[in-house]
Amino acid sequence: MKRILVTGGAGFIGSHLCERLVKEGNDVICLDNFYTGSKENVWHLLGKHNFEIVRHDVCQPYWAEVDEIYNLACPASPVYYQTDPIQTTKTSVFGAYHMLGLARRTKCKILQTSTSEVYGDPNVHPQPESYWGNVNTIGLRSCYDEGKRCAETMFFDYHRLHGVRIKVIRIFNTYGPRMAENDGRVVSNFIMQALRNEDITIYGDGTQTRSFQYVSDLIEGMIRMMESGDDFLGPVNIGNPGEFSMLELAEKVIEKTGSKSKIVFKPLPSDDPKMRRPDITLAKSKLDWEPKVKLDEGLEKTIEYFKTKL
Ligand code: NAD
Ligand code: UDP
């Protein structure tokens with residue numbers, strides 16, 4: 001049995017990760033300040049002897065004897081990470097600093113959940129890990145993109161300087177049950193709008209693309225990465241290469257929900273990437289991992305979940 005710290009454990013992805021780690025018999029500490037996460041996401045784990053919640057902000061140091069750390073704490077939806085951009089940068093950078101300090105002291109492995117946003121509005125398509133990205137340093141998305149880039153830098157410097165056992169994954173757009181229904185990301189927005197027969201809001205002309213990964217595929221990738229040998233640090237892309245325009249996504253959601261919603265077009269937010277698709281060659285070869293859940297199947301499961309939220 002390992003003692004595992006999951007920061008951001010009460011969020012969308014964190015709650016699925018905690019669930020899996022608890023099920024496998026690990027002793028799990030879920031650390032969260034509930035900025036975008038909620039106790040409700042981990043309610044079902046609360047009575048278990050091998051699960052505990054700690055209310056804490058990763059901008060402050062935290063100490064515990066642990067064998068592994070998964071560092072997820074950070075708002076991920078543009079609406080939320082832009083609400084208090086200074087707090088977003090602090091969470092990414094100070095959070096990484098404090099967790100790396102803990103990993104150094106306890107000599108444990110630490111996995112950072114970086115993001116496809118480190119590629120910015122990419123000029124290379126699909127994006128391999130070797131691409132350095134095209135990121136605006138002073139725009140509205142920069143607090144998140146640059147915060148995550150700086151965290152990656154700090155991870156590699158702690159490894160080079162102090163021998164910390166790091167793992168870095170770059171997650172591409174992920175969706176599934178327990179996304180907050182008001183979280184502002186495209187999958188939850190479209191599904192909630194369709195279920196309520198409200199207008200579906202496409203930002204821009206809807207030709208921008210994303211590659212959507214179902215959450216169970218991501219969790220499998222995260223665990224494989226943590227369990228891989230100490231010689232493989234990453235960064236490694238974890239995402240589903242299936243690429244769809246926002247217009248295609250809206251049409252799929254309308255069809256699957258049988259909704260009467262109409263599509264409406266709203267202004268495109270600044271620096272919104274025009275396309276995104278992971279090159280997952282590295283994950284396939286190093287982790288023997290590739291996603292299993294197709295968008296149609298994942299959307300159906302997610303729609304069933306959001307129906308319970310109406
Ligand atoms: P989420 O907003 O549901 O979860 C983030 C969690 O972190 C929440 O529970 C929130 O309360 C907590 N948190 C935020 N600031 C904190 C702080 N200062 N101290 C402690 N806890 C704090 O988002 P998510 O989709 O579950 O994302 C989890 C991680 O994965 C994030 O680091 C995100 O950047 C990364 N990621 C997610 C995606 C995606 O598509 N969902 C893509 C790329 C990367
Ligand atoms: N988007 C949209 N309508 C919405 C929410 C988002 O058209 O109601 C677009 C958004 O402009 C972006 C894409 O969907 O081009 C994905 O947005 P999301 O916020 O989910 O993730 P990110 O931009 O961080 O990949």
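Note that this is a predicted model, so its numbers are computed, not measured. All heavy atoms count here, side chains included; hydrogens, waters and symmetry mates do not. Remember, it's 1-based here, ligands and their atoms both numbered in the order they're listed.
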Option of least heavy-atom distance to atom 25 (O) of ligand 2 (set: Met275, Met192, Arg210): Arg210

Nearest non-hydrogen partners of Thr106 and Ala64, listed with the distance: CG2-O, 3.6 Å

Nearest non-hydrogen protein atom, atom 33 (C) of ligand 1: Tyr144 OH, 3.5 Å

Closest candidate by heavy atom, reference atom 3 (N) of ligand 2, pool Ile200, Asp145, Asp205, Thr201: Thr201

Nearest non-hydrogen protein atom, atom 38 (C) of ligand 1: Ile171 CG2, 4.0 Å

Asn173: which of Arg185, Arg276, Glu117, Gln213 passes side chain to side chain donor-acceptor pair (under 3.5 Å): Arg276

Any N or O of Thr36 closer than 3.5 Å to N or O of ligand 1: yes

Nearest non-hydrogen protein atom, atom 24 (O) of ligand 2: Arg141 NH2, 3.0 Å

Atom 31 (C) of ligand 1: nearest protein contact (heavy atom, Å): Leu72 O, 3.1 Å

Aromatic Phe232 / basic Lys167 pairing, under 6.0 angstrom, 45° off normal: no

Asn123 side chain near Tyr131 side chain, heavy-atom distance below 4.5 Å: yes

Nearest-contact summary for atom 41 (N) of ligand 1 - protein heavy atom, Å: Arg185 NH1, 2.8 Å

Plane angle bin for Tyr35 and Tyr80 - parallel if under 30°, tilted between 30 and 60°, otherwise perpendicular: perpendicular

Atom 5 (C) of ligand 2: the protein heavy-atom neighbour that sits closest, reported with distance to 0.1 Å: Tyr203 CE1, 3.3 Å

Part of Lys266 with heavy atoms under 4.0 Å of ligand 2, whether side chain, backbone, both or neither: neither

Taking every non-hydrogen atom, the tightest pair across Arg277 and Phe172: C-CE2, 3.8 Å

Proximity flag Gln193 to ligand 2, non-hydrogen atoms under 4.0 Å: no

Working for side-chain hydrogen bond (donor to acceptor under 3.5 Å, both in side chains), residues Thr7 and Asn71: CA-CA 5 Å; Thr7 77; Asn71 188 36; 2.6 Å; yes

Ligand-residue contact atoms, ligand 1 with Ala10, heavy atoms, under 4.0 Å: 9 (O)

Protein residue, atom and distance nearest to atom 19 (N) of ligand 1, heavy-atom basis: Val58 N, 3.0 Å

For atom 12 (C) of ligand 1, the protein heavy atom that lies nearest, with its residue and separation: Asp32 OD1, 3.4 Å

Full working for side-chain hydrogen bond (donor to acceptor under 3.5 Å, both in side chains) between Thr201 and Gln193: CA-CA 8 Å; Thr201 53; Gln193 289 164 343; 2.9 Å; yes

Heavy atom of Ser38, distance to ligand 1 below 4.0 Å: no

Pair Glu152 + Lys148: basic N to acidic O under 4.0 Å: no

Which segment of Asn189 sits under 4.0 Å of ligand 2 when only heavy atoms are counted: side chain

Asn173 and ligand 2 - part of the residue with a heavy-atom distance under 4.0 Å: side chain

Check: Asn50 side chain, Asn26 main-chain N or O, donor-acceptor pair, under 3.5 Å: yes

Which residue and heavy atom of the protein sit nearest atom 9 (C) of ligand 2, plus the separation: Gln208 NE2, 3.9 Å

Arg210 vs Met246 side-chain heavy atoms within contact, under 4.5 Å: yes

Heavy atom of the protein closest to atom 37 (C) of ligand 1 (residue, atom name, distance): Ile13 CD1, 3.7 Å

Contact check: Pro78 vs ligand 2, nitrogen or oxygen atoms, below 3.5 angstrom: no

Asp272 contact mode with ligand 2 (heavy-atom cut-off under 4.0 Å): side chain

Residue and atom name of the nearest protein heavy atom (relative to atom 3 (O) of ligand 1), distance in Å to one decimal: Phe12 N, 2.9 Å

